[in-house]
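One structure is given here, and the rest of the page talks about it.
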Amino acid sequence: MNTKKYLRFFAELAEDGKIPLELYDRMLAEIAKEGGRMNKRVYAVYLDELEKLRAFDVDGSPFDTEKSANTDGSYVYKRPKNPFWLLSRAVCGGLFKAVAWIAAGIGFGVWRAKDRKKLKGVGACITTSNHIGYLDCLLTRRAMGGKRQNIIVAPHNRKRTAGGAIIAAVSGVPLPKTIGGARAFADMLEYLKSKNTAIHFYAEQSMWIGYKKPRPYKDGAFYYADMLDVPIVPMLYCYGKPNFIRRLLHLPKMKIAIADPIYIDKASGVRARRNDVAKRCETAVRELYESYYGIPLEYALPDTDGEADDATVQASA
């Protein structure tokens with residue numbers, strides 16, 4: 001972990017009021033305990049403190065916004081008709097599927113996604129999942145098998161660089177920054193629906209590396225599912241117990257858990273049906289978690305008087 005980047009990251013969060021100054025001071029103290037180095041233990045403390053604060057949408061790691069996509073209305077979402085572009089997109093997409101199959105197997109221990117049978121017969125849809133690492137897009141791609149898929153990414157992940165162009169070529173669709181950009185983004189999603197595409201949202205918004213519990217979803221996935229009139233398929237990336245070889249290589253063992261598709265009740269009013277589908281998604285993801293881990297989904301309570309409190313509170317509270 002890059003200590004300088006994390007020190008700058010924590011300072012920026014505190015300056016912007018996204019984390020309290022007490023947490024910023026705590027992180028500096030924890031880094032000092034490790035001889036001035038950011039490491040996994042300190043990072044676990046950071047996520048634990050965010051959980052206690054219920055600050056589930058605060059960024060879990062630093063990122064670079066330089067050369068981010070300008071999705072303010074000027075960004076062009078490509079819908080290739082030229083045969084050359086169609087062929088190149090098909091080749092890039094095919095390579096990504098192959099790479100994802102191999103990398104998900106080696107890197108995460110996921111060679112099969114048994115729950116994928118729940119997607120049988122489902123056309124265009126919105127899928128959601130927890131966001132637990134820089135390469136969890138491999139799990140996202142693996143979950144779909146051969147089905148066409150596009151992943152909604154932050155503008156800083158679709159940089160104006162060669163790497164950003166590759167992300168766009170294989171599946172990445174950047175989120176809009178402004179109302180003007182939202183119209184072009186919505187038009188692109190309509191296009192993807194017409195192609196029977198699975199459109200994936202990391203609906204928790206921020207990435208918390210290695211965090212096991214599902215976090216509350218933002219409204220975007222439900223808004224666009226309602227707009228497109230497509231079902232939502234919640235997924236959860238779960239951590240298992242790695243075997244000796246995976247432990248030796250510091251590789252996780254994971255499973256892709258997939259819930260049944262959730263359809264929107266168009267007979268209800270807009271606000272009622274979006275609240276309803278949000279609640280059903282929350283319930284479905286909680287059930288995936290509790291079924292896999294065999295424990296209730298609970299979040300830690302804040303510390304009391306500076307002393308750690310082991311008590312927990314149920315997520316539904």
Side-chain angles (χ1 to χ4, degrees), residues 57 59 63-82 85-86 88-89 92-93 96 122-131 136-137 140-141 143-144 147-207 215-235 261-264 266 270-271 273-275 277-278 281:
D57 57 355
D59 291 314
F63 53 85
D64 178 17
T65 59
E66 187 179 357
K67 296 184 179 180
S68 295
N70 292 324
T71 52
D72 56 1
S74 60
Y75 182 85
V76 178
Y77 291 96
K78 294 187 181 297
R79 308 174 193 180
K81 295 181 179 179
N82 183 295
W85 281 107
L86 287 171
S88 66
R89 289 290 290 271
C92 289
F96 185 35
V122 177
C125 62
I126 282 179
T127 58
T128 61
S129 75
N130 46 338
H131 197 8
D136 57 8
C137 62
T140 302
R141 176 62 266 175
M144 291 297 102
K147 184 175 179 63
R148 179 169 176 160
Q149 180 193 58
N150 280 79
I151 301 174
I152 306 304
V153 300
H156 63 262
N157 287 323
R158 171 54 182 104
K159 290 182 168 41
R160 301 187 304 277
T161 61
I166 292 173
I167 288 175
V170 297
S171 68
V173 177
L175 283 163
K177 293 180 180 178
T178 64
I179 293 176
R183 180 176 297 177
F185 178 75
D187 289 344
M188 182 61 181
L189 296 195
E190 289 282 4
Y191 168 77
L192 295 177
K193 174 188 174 181
S194 72
K195 299 296 183 181
N196 277 334
T197 301
I199 305 168
H200 189 80
F201 279 77
Y202 290 111
E204 296 172 340
Q205 181 176 293
S206 56
M207 179 178 68
R215 292 173 284 142
Y217 284 172
K218 294 297 183 180
D219 294 336
F222 310 124
Y223 172 86
Y224 287 110
D226 182 41
M227 183 195 79
L228 298 172
D229 194 15
V230 297
I232 292 181
V233 183
M235 304 190 296
I262 297 173
Y263 292 84
I264 296 173
K266 283 291 189 177
V270 173
R271 181 175 295 180
R273 66 186 182 234
R274 289 178 185 172
N275 288 340
V277 75
C281 279

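- Not counting sequence neighbours, the partners of Glu204 by the side-chain hydrogen bond (donor to acceptor under 3.5 Å, both in side chains) test are Arg215.
- Every residue meeting the side-chain hydrogen bond (donor to acceptor under 3.5 Å, both in side chains) condition with Thr140, not counting sequence neighbours, appears here in chain and number order: Tyr202, Tyr237.
- In this structure, Ile126 CD1 and Thr197 OG1 are separated by 11.5 Å, a value rounded to the nearest 0.5 Å.
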Legend entry - Worked verdict on Asp136 versus Asn130 for side-chain contact (heavy atoms from CB on, under 4.5 Å): CA-CA 9 Å; Asp136 57 8; Asn130 46 338; over 6 Å; no
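- Between Arg158 and Tyr75 there is a side-chain heavy-atom pair separated by less than 4.5 Å.
- Not one N or O on the side chain of Asn70 forms a donor-acceptor pair closer than 3.5 Å with the backbone of Asp72.
- If you take CG on Leu192 and CG on Asn150, they are separated by 4.5 Å, rounding to the nearest 0.5 Å.
- Here the straight-line distance linking atom CD1 of Ile264 with atom CZ of Phe222 works out to 9.5 Å at 0.5 Å rounding.
- Every residue was checked against the side-chain hydrogen bond (donor to acceptor under 3.5 Å, both in side chains) condition with Asp229, not counting sequence neighbours, and none meets it.
- In this structure, Tyr224 has its ring center under 6.0 Å from that of Phe185.
- What you find for Thr128 and Pro234 is that their closest heavy atoms are OG1-CA, 3.4 Å.
- For Asp226, the salt bridge (charged side-chain N to carboxylate O under 4.0 Å, His left out) criterion is met by Lys266, Arg273, Arg274, not counting sequence neighbours.
- In this structure, NZ in Lys147 is found 9.5 Å from OG1 in Thr127, a value given to the nearest 0.5 Å.
- For the pair Ile199/Leu228, a side-chain contact is recorded, criterion being any heavy-atom separation below 4.5 Å from C-beta on.
- Applying the salt bridge (charged side-chain N to carboxylate O under 4.0 Å, His left out) rule to Asp57 yields the partners Lys218; only residues at least two apart in sequence or on another chain are considered.
- Taking all atoms of both residues into account, the shortest heavy-atom contact from Tyr217 to Ser129 is OH-N, 3.9 Å.
- Using a 4.5 Å heavy-atom threshold, the side chains of Lys193 and Met227 count as separate.
- Side chains of Thr65 and His156: no donor on one and acceptor on the other come within 3.5 Å.
- Looking at heavy atoms from C-beta onward, His200 lies out of side-chain contact with Met144 at the 4.5 angstrom threshold.
- Across all their heavy atoms, Cys281 and Ile232 have their closest contact at SG-CG2, 3.6 Å.
- The closest side-chain heavy-atom distance from Tyr77 to Val173 is below 4.5 Å.
- Contact annotation: the side chain of Pro231 approaches that of Val122 to within less than 4.5 Å [non-hydrogen atoms, C-beta and beyond].
- Here Arg148 contributes atom CZ and Asn196 contributes atom CG; the two are 9.5 Å apart, rounded to the nearest 0.5 Å.
- With a 6.0 Å radius and a threshold of 12 heavy atoms from other residues, nucleotides or ligands, Asp219 has its CG atom at or below the threshold.
- Across every non-hydrogen atom of Lys177 and Ser68, the tightest pair is NZ-CB, 4.3 Å.
- Checked against side-chain hydrogen bond (donor to acceptor under 3.5 Å, both in side chains), Thr71 has no partners two or more places apart in sequence or in another chain.
- Residues Ser171 and Arg141 are not in side-chain contact: their nearest non-hydrogen atoms beyond the backbone lie 4.5 Å or more apart.
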